[in-house]
Amino acid sequence: MEHLLSSLPRLVRFMLRHFANGAVLGLILAELLLWGDVLGLRQLVVLAEAGAILTLAFLAYAAMLFGTLAMSVAVMNLGPE
């Protein structure tokens, strides 16, 4: 795996690293929202008839959203080099 990442261009490695960091933060936040049952979210998503699919979709959306935001901010703050 390390060899695969080292063969990628530097900018792509930079973007993947920041996307992964944001995705992990998004998953943590989504899990906290479900665990804390904020505004009845756990009852709405997890306890529904298709709860597993909805929970998976909710977690995937949170990971994609926060990963994309983290990568975008990192690229926008990138220096001239």
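All figures in this text were calculated on a predicted structure; none of them were measured in a lab.
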| query | Say you draw a straight line from CE of M71 to CG of N21; how long is it, rounded to the nearest 0.5 Å? | reply |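 If we round to the nearest 0.5 Å, M71:CE and N21:CG are 12.0 Å apart.
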| task | Could you grab the distance from atom CZ of F19 to atom CZ of F14, nearest 0.5 Å is fine? | result |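 So the gap between those two atoms works out to 14.5 Å.
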Could you pull out every donor-acceptor pair under 3.5 Å between side chains of residues 22-44 and any protein atom, sequence neighbours left out?
residue : atom : partner : partner atom : Å
D37     : OD1  : L41     : N            : 3.3
D37     : OD1  : R42     : N            : 3.0

| field | Joint hydrophobic cluster, V45 plus L56, side-chain heavy atoms closer than 4.5 Å | value |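 Not linked; separate clusters.
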| Linked, directly or transitively: I53 and L59 (ILVMFWY side chains, under 4.5 Å) |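 Hydrophobic grouping puts I53 apart from L59.
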| Of the non-hydrogen atoms in S6 and R13, which two are nearest, and what is the gap between them? |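 So the two residues come closest at O-NH1, 3.5 Å.
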